[in-house]
Participant: 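Mind having a look at this structure? Questions to follow.
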There are 2 protein chains.
Amino acid sequence: MSTRSKDSDRGGPSGGRRRVTGHDVAAHAGVSQSTVSLVLSGNPKARIADETRERVIESARELGYRPNLLARGLVQRRSFALGIVVPELDNPFFTEVVSGAERVAGEAGYGVLLADSGQIPAAEHVMRLRERQVDGVILAGVPVETMPDEALADANVVVVDEPTGRYPGVASDATGAGRKAAEHLLSLGHRSLAFMGPADPSYTFRMRERGFVQALREAGCAITSPLLRRAPASVAGGDRAMAALLALEVPPTGLFCANDLMALGALKACAAAGVRVPSEFSIVGCDDIEMARYVTPELTTVMVPARGLGARAARLLLLTLDGRDTGALSGKPLEVEFVSRQTTAPPPRREP
Amino acid sequence: MSTRSKDSDRGGPSGGRRRVTGHDVAAHAGVSQSTVSLVLSGNPKARIADETRERVIESARELGYRPNLLARGLVQRRSFALGIVVPELDNPFFTEVVSGAERVAGEAGYGVLLADSGQIPAAEHVMRLRERQVDGVILAGVPVETMPDEALADANVVVVDEPTGRYPGVASDATGAGRKAAEHLLSLGHRSLAFMGPADPSYTFRMRERGFVQALREAGCAITSPLLRRAPASVAGGDRAMAALLALEVPPTGLFCANDLMALGALKACAAAGVRVPSEFSIVGCDDIEMARYVTPELTTVMVPARGLGARAARLLLLTLDGRDTGALSGKPLEVEFVSRQTTAPPPRREP
DNA sequence: AGCGGGTGCTCATACGTATCACCAAATACG
DNA sequence: CGTATTTGGTGATACGTATGAGCACCCGCT
């Protein structure tokens, strides 16, 4: 009708210099911007004539309209975005957590802001995410206990695998993981077992250790101090710690590692030292990262549902944001599962 | 002074129910919101008395003020956030790309929105990111050629390792990678060599193959069709393809894989078949993912600077956004580097 | 005819920030 | 001393959307 409306047509979806706004759609459809908003995102209970609704939708499609989520977020005080903080993307475990969370969030229409904590302290990352008005934050592998309270106040935090009690969270059955590893090794006949984990362990690592040690003790098979090795929870750390174990006067016959990366390092150290796995030495990891299946021999480990943890954390967060009940989700820890592969066997028979 | 200003004090940084805004800071400092904005984020050339400036900064600190980046983004038409789309976070290569990009972006004050493309087509992800008003998008491992043009129009796209010419991008020297693998194997004395790569290869995979095949041809050592295996670029795919190679009447003596994951699969298949690496068979991977160092024997490969690619993509994008010259960065491909480890050796001597 | 009530839409405003135009006071200058 | 000029700040507005209040209109009822 008017030249104006003809103007806004020019170029179609991809031609315009300026981004298409709700006002443009309104002009094109001959309605007000309010109506456009009501049709495209408003409450479905809004009273709009079918004919109008279709005209607006058609105009929006034709102009290639995409709502500006910054503007929406500003007025609704919700950005429909989550933040997720991990200590390092290098560790496949966290990658899987992120992946799981991203999928759930994406399906719910939420965006995901990633913060790889690196040098910057996690608290600072949380602040930055909040400046971006994320509706909530998932903290994975972050030492929550050492974070100042005010950094997390009013922040809708969900913590992965670090049940502090101060914040809602999802966790796996860490003591169960240690226990299952112990039971398996004991049942194979091992009596001299070692553990390796990081020196400044997170809650989960502590629980894995505790489960393992307790199960050993209950079996009347206490672990002695030289068999408890501290090293970074990485492949390099596992390598070093394993070398130390092999250098002992009386090395153990089997080992449980705080995570799979360490176990891979231990495996490597054995290969370098000419110790055959599993015939001469047994190794159990924890996490079941993808690589565990791909090394030779394949790593026996305890599966921790990383992707599931991430997904569940995201779901928990989304429910919290909707003000729904969250008791069911944050309640019980996720089950872990022992996975028998090729790095465990009965201990070698004593030399005569 | 006024009761109002006393009110906004209540509770300090962490107590307030409502988030503290620039207006609150203004009231507390006895200035206008404009002044607050000028002091805290405005152009440094703004003329503000030192005394006022300090008072505002002090008030902001005291109230725990954090600017709302949604509001800032709305008026500035810049969100100071980047999007990054990857096909799968499972592949460590992309994880490293993301990690590199995230670091550079973070240091520049940019946020990173992650989109793991999964089931949803990449074009749709780009749209969603643009709704969130990201200032630019990094596409890594995404089949850009098959994406509709209008999805990327005006989107400030930077493409990783897929130099289409239509969009700016950063790439590694893929043909060089293939060539270096070939030269190494040839120099060891191999004459019967195989290649494995995905059936529907991306540009980079095609170039790796081309470099390898051409170098062989130039050495008068053409590759025959049964030695060119197609399989998914994953560990499982490499495993299957290697099994097929070993089943040939006359198996090759060495192999170059399109990426490290396939090489790990090949390594696994050799172990399963009792073929000793490298004494009986040589394997060269490509990418140099972290795992390459951690398997036994350690994987010989061609290092592709994944983190560097991500970092450079981010830098390129940031420069583009600042309207700076980008020629230098998008120009030459990043160097790749041959990494000799333990999976290559001279071919076994012919059986007499 | 008068009126209550539903329908369908618009007006105005708010969200929190940046920024331009403008202004008062202080200072410089001939 | 009168007028430029600089200094230091304020007021108003815009960004693009959501949303409550309100308005015009039509329908059915008494």
Side-chain angles (χ1 to χ4, degrees), chain A residues 8 16 18-57 59-60 63-81 109 130-135, chain B residues 8 16 18-57 59-60 63-81 109 130-135:
Chain A
S8 33
R18 200 171 58 86
R19 297 213 37 162
V20 175
T21 77
H23 289 95
D24 301 330
V25 177
H28 187 271
V31 297
S32 77
Q33 177 265 328
S34 314
T35 305
V36 172
S37 174
L38 287 176
V39 168
L40 295 181
S41 65
N43 221 302
K45 73 166 167 46
R47 306 160 307 183
I48 302 286
D50 286 356
E51 195 266 340
T52 305
R53 177 185 305 276
E54 285 179 26
R55 206 168 65 243
V56 169
I57 290 177
S59 293
L63 297 180
Y65 171 68
R66 298 252 134 183
N68 182 330
L69 296 192
L70 295 193
R72 173 179 299 177
L74 188 57
V75 41
Q76 298 204 131
R77 282 132 174 261
R78 288 185 68 173
S79 63
F80 292 94
R130 300 204 63 201
E131 287 186 354
R132 297 205 129 79
Q133 310 301 115
V134 294
D135 297 331
Chain B
S8 35
R18 200 173 57 85
R19 296 213 37 164
V20 29
T21 77
H23 289 94
D24 300 331
V25 177
H28 186 271
V31 297
S32 74
Q33 177 266 330
S34 316
T35 305
V36 172
S37 174
L38 287 176
V39 168
L40 295 181
S41 66
N43 222 301
K45 74 167 166 45
R47 304 160 310 182
I48 302 286
D50 287 355
E51 194 266 339
T52 305
R53 176 185 306 276
E54 286 180 25
R55 206 168 65 243
V56 168
I57 291 178
S59 293
L63 298 181
Y65 171 66
R66 297 253 136 184
N68 181 330
L69 296 192
L70 295 193
R72 174 179 298 177
L74 187 58
V75 40
Q76 297 203 132
R77 282 131 174 269
R78 287 185 70 171
S79 63
F80 292 95
R130 299 204 63 202
E131 286 186 354
R132 297 205 129 80
Q133 309 302 113
V134 294
D135 297 331

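Just so we're clear, the structure is a prediction, and the values are computed from it rather than from any experiment.
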Participant: What nucleotide among dC9(C), dA18(D), dA14(D) has an atom nearest to a side-chain atom of Val75(B)?
Facilitator: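 Nearest nucleotide to the side chain: dA14(D).
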Participant: Please state how far atom CZ in Arg78(A) lies from atom P in dA18(D), giving the value in whole angstrom units.
Facilitator: 13 Å
Participant: Quiz question: by atom type and distance under 3.5 Å, do the side chains of Ser32(B) and Thr35(B) form a donor-acceptor pair?
Facilitator: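 Result is yes, a qualifying pair exists.
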Participant: Find which nucleotide of DNA chain C each of Arg53(A) and Gly22(B) is nearest to by heavy atoms, and output the residue with the more 5' nucleotide.
Facilitator: Arg53(A)
Participant: Answer with base, sugar-phosphate or nothing: what part of the nucleic acid does Val31(B) contact at a heavy-atom distance below 4.0 Å?
Facilitator: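 Sugar-phosphate: the residue Val31(B), judged by heavy atoms under 4.0 Å, touches backbone atoms but no base.
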Participant: For the pair made of CG in Leu74(B) and P in dA14(C), what is the distance, rounded to whole Å?
Facilitator: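 That distance rounds to 16 Å.
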Participant: Is a side-chain N or O of Arg55(B) found less than 3.5 angstrom from the main chain of Ala29(B), in a donor-acceptor match?
Facilitator: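 Side chain of Arg55(B) to backbone of Ala29(B): a pair is present.
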Participant: Output the single nucleotide from dT17(C), dG11(D), dT10(C) whose closest atom is nearest the side chain of Ser34(B).
Facilitator: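 The answer is dG11(D), which lies nearest to the side chain.
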Participant: How close or far is atom P of dC15(D) from atom CG of Asp24(A), stated in whole angstroms?
Facilitator: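 So the CG-P distance, Asp24(A) to dC15(D), works out to 11 Å.
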Participant: Would you classify Thr21(A) as touching base, sugar-phosphate or nothing, given that sugar-phosphate means primed atoms plus P, OP1 and OP2, and contacts are heavy atoms under 4.0 Å?
Facilitator: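 The answer is sugar-phosphate, as Thr21(A) gets under 4.0 Å only of primed atoms, P, OP1 or OP2.
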Participant: Kindly point out which of dG8(D), dT19(D), dT17(C) is positioned nearest to the side chain of Arg47(B)?
Facilitator: dG8(D)
Participant: Does Ser41(A) get its side chain close enough to the base of dA18(D), under 3.5 Å, for a donor-acceptor pair?
Facilitator: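 Per atom types, no contact qualifies.
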Participant: Could you tell me whether the side chain of Leu40(B) reaches within less than 4.5 Å of the side chain of Pro67(B), counting heavy atoms only?
Facilitator: no
Participant: To the nearest angstrom, how far is Leu70(B) atom CG from dT17(D) atom C1'?
Facilitator: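 Leu70(B) atom CG is separated from dT17(D) atom C1' by 12 Å.
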Participant: Looking only at heavy atoms, what is the nearest atom pair of Val56(B) and Val25(B), with distance?
Facilitator: O-CG1, 4.0 Å
Participant: Need to verify one output field. Residue with the more 5' nearest nucleotide on DNA chain D, Ala71(B) or Gly30(B)?
Facilitator: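 Here Gly30(B) is the residue nearer the 5' end.
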Participant: Give, for atom CD of Gln133(A) and atom CZ of Phe80(A), the distance between the pair rounded to the nearest 0.5 Å.
Facilitator: 13.5 Å
Participant: Quickly work out the Gln76(B) CD to dT19(C) P distance and round it to whole Å.
Facilitator: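 Answer to the nearest Å: 5 Å.
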Participant: Is the shortest side-chain N/O distance from Arg77(B) to OP1 or OP2 of dC15(D) below 4.0 Å?
Facilitator: no
Participant: dG9(D), OP1 or OP2 - any side-chain N/O from Thr35(B) closer than 4.0 Å?
Facilitator: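 Looking at the OP1 and OP2 atoms of dG9(D), neither is under 4.0 Å from any side-chain N or O of Thr35(B).
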Participant: Quick check for you: among dG8(C), dT17(C), dA12(C), whose closest atom lies nearest to any side-chain atom of Gln33(A)?
Facilitator: dA12(C)
Participant: Grab the CG-P distance between Leu38(A) and dG16(D) for me, whole Å please.
Facilitator: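 Between P of dG16(D) and CG of Leu38(A): 19 Å.
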Participant: Any idea which of dC9(C), dG16(D), dT17(C) is nearest the Ala49(A) side chain?
Facilitator: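 So the nucleotide nearest the side chain must be dC9(C).
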Participant: Backbone N or O of Arg19(A) within a donor-acceptor pair of the Arg66(A) side chain at under 3.5 Å?
Facilitator: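 No; zero donor-acceptor contacts below 3.5 Å.
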Participant: Let me know the distance between CD1 of Ile48(B) and P of dA18(C), rounded to the nearest Å.
Facilitator: 13 Å
Participant: Side-chain donor or acceptor of Ser32(B) under 3.5 Å from a matching atom on the base of dG9(D)?
Facilitator: no
Participant: Expressed as a whole number of angstroms, how long is the span from Asp50(B):CG to dG9(D):C1'?
Facilitator: 14 Å
